[in-house]
Amino acid sequence: MTRNQIAEELPNLAESKLTALVVDDSFVNQTIHQKLLNRLGIENDVVTNGKEAVDVYCSGRNYDLILMDMDMPIMNGIQATKRLREMGIESKIAGVTTRANEGEKKEFMEAGLNDFQEKPLTISKLLSILHKLNFYVQT
């Protein structure tokens, strides 16, 4: 294999930009999560509850990463995560919440999360999520 053939088979990072969906009913948390994602060059969208997240996927959109709040109206994070997994969605889902006892955390993880972090989300927590899920970003 020539050097040019190898280069052609490697993914172009500019063409494989990461995308994320923020699912949170708090405007403050939405803003924080968006700013952190933007800082890392991750394209992102925001919805305010689990039902909207499911609807976005039903409309054909797809994301590499979902930052899913646990406590939301209409469809909470546990319900939304279960539903997305039932639909065959393979996006990485990281649960984020301000409160969770061990039982709630276990239930959230068993719903289909790939990772779990307590709020407030920080750049180091987001980098930890990305690293655990084998996403690589330029910092």
Tell me, please, which residues at least two apart from Gln30 pass side-chain hydrogen bond (donor to acceptor under 3.5 Å, both in side chains). none

With side-chain contact (heavy atoms from CB on, under 4.5 Å) as the test, pick out the partner of Met70 among Thr97, Asn76, Leu113, Val23. Thr97

Any side-chain heavy atom of [X] within less than 4.5 Å of one from [Y]?
{"X": "Glu118", "Y": "Val96", "answer": "no"}
{"X": "Ser91", "Y": "Asn62", "answer": "yes"}
{"X": "Thr19", "Y": "Asn44", "answer": "no"}
{"X": "Lys119", "Y": "Asp69", "answer": "yes"}

Would you say the side-chain atoms of [X] pair up with the backbone N or O of [Y], donor to acceptor, closer than 3.5 Å?
{"X": "Arg61", "Y": "Val56", "value": "no"}
{"X": "Ser128", "Y": "Ser124", "value": "no"}
{"X": "Lys125", "Y": "Pro120", "value": "yes"}

Atom [atom1] in [X], atom [atom2] in [Y]: separation rounded to 0.5 Å?
{"X": "Leu130", "Y": "Asp64", "atom1": "CG", "atom2": "CG", "result": "10.0 Å"}
{"X": "Thr81", "Y": "Met68", "atom1": "OG1", "atom2": "CE", "result": "4.0 Å"}
{"X": "Leu37", "Y": "Leu67", "atom1": "CG", "atom2": "CG", "result": "5.5 Å"}
{"X": "Ile129", "Y": "Asn114", "atom1": "CD1", "atom2": "CG", "result": "10.5 Å"}
{"X": "Met72", "Y": "Asp24", "atom1": "CE", "atom2": "CG", "result": "7.0 Å"}
{"X": "Asn29", "Y": "Thr98", "atom1": "CG", "atom2": "OG1", "result": "7.5 Å"}

Linked, directly or transitively: [X] and [Y] (ILVMFWY side chains, under 4.5 Å):
{"X": "Met109", "Y": "Leu65", "answer": "no"}
{"X": "Leu21", "Y": "Leu40", "answer": "no"}
{"X": "Ile93", "Y": "Leu18", "answer": "no"}
{"X": "Val28", "Y": "Leu36", "answer": "yes"}
{"X": "Val47", "Y": "Ile32", "answer": "no"}

With Asp115 via salt bridge (Lys or Arg N to Asp or Glu O under 4.0 Å) - residues at least two apart: Lys132

What pair of heavy atoms forms the shortest contact from [X] to [Y], and how long is it?
{"X": "Ala80", "Y": "Gly50", "answer": "CB-CA, 3.5 Å"}
{"X": "Ile74", "Y": "Gln79", "answer": "O-OE1, 4.3 Å"}
{"X": "Lys17", "Y": "Gly41", "answer": "CE-O, 3.1 Å"}

Just do the side chain to side chain contact (heavy atoms under 4.5 Å, CB included) check on Tyr57 and Ile66 with the steps written out, would you? CA-CA 11 Å; Tyr57 272 87; Ile66 302 171; 3.4 Å; yes

Salt bridge (Lys or Arg N to Asp or Glu O under 4.0 Å) evaluation trace for Glu102 with Lys106: CA-CA 6 Å; Glu102 282 306 308; Lys106 184 175 186 278; over 6 Å; no

Check Glu86 with Lys82, please: is the shortest side-chain N to carboxylate O separation under 4.0 Å? no

Tell me, yes or no, whether the heavy-atom count around Lys51 atom NZ, taken from other residues, nucleotides or ligands under 6.0 Å, exceeds 12. no

Regarding Asp45 and Tyr63, do their side chains bring together a donor and an acceptor under 3.5 Å, going by distance alone? yes

Does the side-chain hydrogen bond (donor to acceptor under 3.5 Å, both in side chains) test come out yes or no for Thr48 and Asp25, once each step is laid out? CA-CA 4 Å; Thr48 59; Asp25 62 325; over 6 Å; no

